[in-house]
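Before any comments, here is the structure.
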Amino acid sequence: MDIYKKLARLNPRQKEAVMHTDGPLLILAGAGSGKTRVITTRTAYLIHSGVSAGSVLAVTFTNKAAREMKERVRSMVKGGKGSPVISTFHSLCLRILRREIEPLGYRKDFTIYDTSEQVSVLRNIMSDIKFYDKSFKAESILERISRTKNDFAPPEAADPVEEASALSYPRYHEVMKSMNVLDFDDLLLLTLKLFREHPDVLNKYRELYRYIMVDEYQDTNRVQYDFIKLLAGERRNLCVVGDDDQSIYGWRGADIGNILNFEKDFPGTVTVRLEQNYRSFDHILKAANGVIRNNSKRMEKSLWTERGAGPKVNIFKAVDTEDEADWVADRISAIKLERNIANEDIAVIYRANIFSRPFEEALRKQRIPYSVVGGTSYFERKEIKDLAAYLKIISNPSDNLSLLRAVNAPKRGIGPSALTLLSGHAQANSLNLLDVFGRAADVAGLGQKAAASAVALFELINRYRDMFCKGREMGKTLKALIDEIDYRDYIIHLYKTPEAAYRKIENLDGFADSMSHYESNELSPSLQGFLETMALTDLIEEKDEKGGQGVTLISFHSSKGLEFPVVFIAGTEEDILPHKKSADNDEGIEEERRLFYVGITRAMNELFITYTDHRLKYGKETPSLPSRFINEIPVDVTKALDRHEEPDPEKDKAYVKKLYADLMAKLAD
């Protein structure tokens with residue numbers, strides 16, 4: 001579509017945001033206000049205005065958001081004008097480090113470790129450091145190390161876990177670097193370090209990216225803030241888009257101050273507020289506005305809509321947990337019958353996935369299909385991690401941890417004693433463990449059979465390195481590797497039932513097919529590139545949020561960015577929302593209130609809020625109190641539901657008709 005036709009379809013505030021091109025710009029984009037349309041149209045407008053496409057950079061947080069933005073921009077920018085760079089923070093930093101990392105003491109063929117691999121590294125380190133408290137968990141220490149990295153500050157010994165983290169951190173960094181391995185936080189931290197210590201590299205990318213946009217700016221942490229500020233430089237063509245009212249990731253390092261202080265950090269900022277909501281009816285928006293205005297640390301805005309009032313917000317008090325779930329399932333059945341809407345248009349939102357069980361049971365009793373968002377990642381399955389270990393050691397010969405995983409998957413006669421001898425020889429002679437496998441005959445005390453197996457594995461890895469380096473038929477090459485190491489037989493003998501083994505073998509074939517798919521969609525495919533794609537998809541924990549069939553069961557945090565015609569918010573009680581850990585903390589309460597606000601604004605047409613009189617906690621029924629946030633919803637937009645009250649189709653006919661008219665208009669757009 002012509003860019004000027006796109007501009008004509010924007011509202012005045014959206015158009016103002018798109019057409020402001022130079023200097024700092026803050027777009028405060030309320031929920032459902034069309035921010036993705038604004039970002040993509042602004043990107044296309046810059047290019048149509050004569051800005052080189054390659055000098056436009058748009059950064060967001062998920063691969064899904066980046067893909068959607070790319071597709072929209074591609075439809076607006078044609079005629080050989082080129083493509084802007086639209087990327088996640090981590091993908092952008094990975095791209096930079098692949099080209100520039102060597103001054104920091106790493107090789108360009110580094111690999112990226114996921115959380116479970118980081119934990120394995122830390123456990124090995126902790127076994128060497130004699131902590132006086134044996135109760136420390138590697139996961140807790142890793143969390144502290146990650147927090148330290150994202151604050152860009154040295155660890156401090158403030159409590160026993162912090163002290164353990166401070167002792168572990170230098171050794172963790174040393175071990176990771178010796179294996180030429182980065183973790184997820186390193187992608188950002190090392191890029192920032194590179195920019196700070198090597199001005200020539202920074203200037204190169206400042207000249208390359210002259211116009212920068214950052215989506216979901218309220219979710220940025222300190223390292224991301226410093227990185228973007230350095231990259232923008234004195235040119236200051238920086239546009240940030242976000243909503244302080246939807247800042248819900250403080251627990252993982254997001255700093256709401258980044259968006260609240262943007263006007264002060266970048267003097268001369270033009271601020272545009274997007275307050276017209278295209279998603280929800282007015283009663284839902286008034287409920288959301290009534291709640292969020294109780295936060296003191298926010299930039300004033302108030303959502304409004306031209307869609308009409310719609311039905312009131314329904315509030316229901318259940319007897320207990322099971323009663324709440326049964327009532328929700330009954331109401332879903334009635335709504336489906338009366339409204340004739342799909343299961344996929346309905347969501348149940350709760351605090352965390354530990355609250356899903358009663359709803360799963362109730363929906364099963366009603367034979368209503370459902371999907372739970374946030375299950376085990378595909379990449380966390382044993383068979384996938386085993387094969388990934390082979391691919392990682394093939395790509396990066398220094399990756400000792402991946403070699404140690406691959407060595408006995410399947411078993412090949414190299415037991416713990418043999419591995420101790422091989423690892424000791426590598427450390428004593430400052431060699432890669434893989435190189436020692438190739439010279440296993442030189443390792444004193446190592447049995448002949450174990451030595452032969454080690455050499456065979458060394459030769460297999462080098463042979464497949466040559467095969468993958470050719471970059472052709474990578475999926476077939478992986479299948480050949482699976483066959484050569486007899487991994488299918490290993491799986492069959494590992495699992496007790498044929499059904500379980502069959503599912504695992506299906507995953508193997510699916511993994512090889514995903515490699516073939518990657519290869520067919522890349523101009524310059526490589527094993528390293530495939531591993532990068534796999535790592536970033538996994539580490540960002542991007543799920544196919546609405547990909548399952550049936551009613552969506554989802555947490556508040558996972559629901560952000562989604563929308564559903566009908567939403568149930570369950571468990572709206574004190575100690576759950578707000579969480580009891582936040583009850584005495586003003587900042588914590590405000591983030592909890594923002595969490596509730598996010599849940600409310602997922603609803604397009606109907607919103608139900610439920611709470612219980614009693615809830616099962618720690619094995620016994622405990623009295624519950626309704627959340628203080630319910631009382632913040634204006635009374636005139638709410639309706640207390642009676643247990644036996646049924647939906648009134650005649651009363652709701654007008655807004656149902658408008659619902660489908662809106663959906664058809666949205667599809668046409």
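Only heavy atoms go into these numbers, but all of them, side chains included; no hydrogens, no water, no symmetry mates.
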Throw together a table of side-chain donor-acceptor distances under 3.5 angstrom for residues 416-434, partners on residues two or more places apart or in other chains.
residue : atom : partner : partner atom : Å
Thr420  : OG1  : Pro416  : O            : 2.9
Ser423  : OG   : Leu419  : O            : 2.9
Asn429  : ND2  : His425  : O            : 2.8
Asn432  : ND2  : Ser398  : OG           : 3.4

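Between Phe530 and Phe511, the ring planes are tilted. Angles from 30° to 60° get that label. Between Tyr249 and His557, the ring planes are tilted. Angles from 30° to 60° get that label.
Note that CG of Asp489 is 12.5 Å distant from CD1 of Ile482, once rounded to the nearest 0.5 Å. Rounded to the nearest 0.5 Å, atoms CG (Leu194) and CD (Glu102) are 11.0 Å apart. We find the OG1-CD distance between Thr533 and Gln528 to be 11.0 Å, quoted to the nearest 0.5 Å. For the atom pair CD (Glu519) and CE (Met474), the distance works out to 6.0 Å, reported to the nearest 0.5 Å. The CG atom of Leu457 lies 9.5 Å from the CG atom of Asn462; values are rounded to the nearest 0.5 Å. Expressed to the nearest 0.5 Å, how far OG1 of Thr36 lies from CG of Asp215 amounts to 6.0 Å.
Side-chain contact between Ser168 and Arg144 is absent, with no heavy-atom pair separated by less than 4.5 Å. A heavy-atom distance below 4.5 Å is found between the side chains of Pro84 and Val73. Residues Phe227 and Thr220 form no side-chain contact, since every pair of their non-hydrogen atoms from C-beta on lies 4.5 Å or further apart. The side-chain heavy atoms of Met467 and Leu481, taken from C-beta on, include no pair separated by under 4.5 Å. Residues Asn400 and Val181 are not in side-chain contact: their nearest non-hydrogen atoms beyond the backbone lie 4.5 Å or more apart. For the pair Phe110 and Leu97, the minimum side-chain heavy-atom distance is below 4.5 Å. No side-chain heavy atom of Ile368 sits under 4.5 Å from any side-chain heavy atom of Ile346. When side chains are defined from C-beta on, His90 counts as touching Leu188, because their heavy atoms get closer than 4.5 Å.
Looking at Arg98, its side chain does come within 3.5 Å of a backbone N or O of Lys108 through a donor-acceptor pair. Although no hydrogens or angles enter the test, the distance criterion places a donor-acceptor pair under 3.5 Å between the side chain of Thr191 and the main chain of Leu187. Asn150 places no side-chain N or O within 3.5 Å of a backbone atom of Asp185 that could act as its donor or acceptor partner. In this structure, Ser402 contributes its side chain and Ile393 its backbone to no donor-acceptor pair below 3.5 Å. Remark: side-chain polar atoms of Arg171 are not paired, donor with acceptor, to backbone N or O of Met126 under 3.5 angstrom. Not one N or O on the side chain of Ser91 forms a donor-acceptor pair closer than 3.5 Å with the backbone of Thr88. The closest donor-acceptor contact from the side chain of Asp186 to the backbone of Asp183 lies under 3.5 Å. Side-chain N or O atoms of Ser178 include one that pairs as donor or acceptor with a backbone N or O of Val175 at under 3.5 Å.
Between Asp219 and Ile248, the shortest heavy-atom distance links the atoms OD1-N, 4.4 Å. Heavy atoms only, all atoms of each residue included: Tyr113 and Val121 are closest at CE2-CG2, 3.9 Å. Of all heavy-atom pairs spanning Ala352 and Ser555, the tightest one is CA-CB, 4.1 Å. A pairwise comparison of heavy atoms in Ile485 and Ala409 identifies CD1-O, 4.2 Å as the closest pair. Closest approach of Val223 and Asn221 over heavy atoms only: N-OD1, 3.1 Å. What you find for Ser395 and Thr111 is that their closest heavy atoms are OG-CG2, 4.3 Å.
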Practice item. Dump the intermediate steps for side chain to side chain contact (heavy atoms under 4.5 Å, CB included) on Leu57 and Leu231, then the final yes or no. Key: CA-CA 11 Å; Leu57 169 67; Leu231 193 57; 3.8 Å; yes

Exercise for review: Check step by step if side-chain hydrogen bond (donor to acceptor under 3.5 Å, both in side chains) holds for Glu383 and Tyr487.
Suggested key: CA-CA 9 Å; Glu383 63 276 14; Tyr487 194 85; 5.7 Å; no

Exercise for review: Let me see the working for Arg123 and Glu139 under salt bridge (charged side-chain N to carboxylate O under 4.0 Å, His left out), right down to the final yes or no.
Suggested key: CA-CA 9 Å; Arg123 282 178 180 152; Glu139 291 84 355; 2.9 Å; yes

Check your understanding: Where do Asp200 and Lys204 land on the side chain to side chain contact (heavy atoms under 4.5 Å, CB included) test, with the steps shown first?
Key -> CA-CA 6 Å; Asp200 55 325; Lys204 173 181 173 180; over 6 Å; no

Practice item. Let me see the working for Ser526 and Tyr518 under side chain to side chain contact (heavy atoms under 4.5 Å, CB included), right down to the final yes or no. Key: CA-CA 9 Å; Ser526 66; Tyr518 157 81; 4.1 Å; yes

Review point. Given the rule in the side chain to side chain contact (heavy atoms under 4.5 Å, CB included) test, do Tyr370 and Phe359 qualify, once you have shown the distances and angles that lead to the verdict?
Key: CA-CA 9 Å; Tyr370 66 89; Phe359 297 101; over 6 Å; no

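Sorted by first and then second residue, the salt bridge (charged side-chain N to carboxylate O under 4.0 Å, His left out) pairs with a member in residues 419-443 form an empty list; sequence neighbours excluded. Listed by first then second residue, pairs satisfying salt bridge (charged side-chain N to carboxylate O under 4.0 Å, His left out) with a partner in residues 388-416 read Glu117-Lys392, Asp386-Arg405, not counting sequence neighbours.
The 12-atom threshold is exceeded at NZ of Lys382, counting heavy atoms of other residues, nucleotides or ligands nearer than 6.0 Å. No more than 12 heavy-atom neighbours from other residues, nucleotides or ligands sit within 6.0 angstrom of NE2 on His517.
With respect to Arg95 and Glu100, no salt bridge is recorded, no charged nitrogen being found less than 4.0 Å from a carboxylate O. For Glu68 and Arg72, the salt-bridge test passes: some basic side-chain N is under 4.0 Å from an acidic carboxylate O. Using a 4.0 Å cut-off between charged nitrogen and carboxylate oxygen, Lys479 and Asp509 do not count as a salt-bridge pair. Salt bridge Glu71/Arg74: absent, no basic N to carboxylate O contact under 4.0 Å.
Of the N and O atoms on the side chains of Asn396 and Arg107, at least one donor lies less than 3.5 Å from an acceptor on the other residue.
Residues that satisfy the ring pair (Phe, Tyr, Trp, His ring centres under 6.0 Å) test with Tyr225, not counting sequence neighbours, are absent from this structure. For the ring pair (Phe, Tyr, Trp, His ring centres under 6.0 Å) test, no residue two or more places apart in sequence or in another chain qualifies with Phe556. Under the side chain to side chain contact (heavy atoms under 4.5 Å, CB included) criterion, Glu197 pairs with Leu104, Lys193, sequence neighbours left out.
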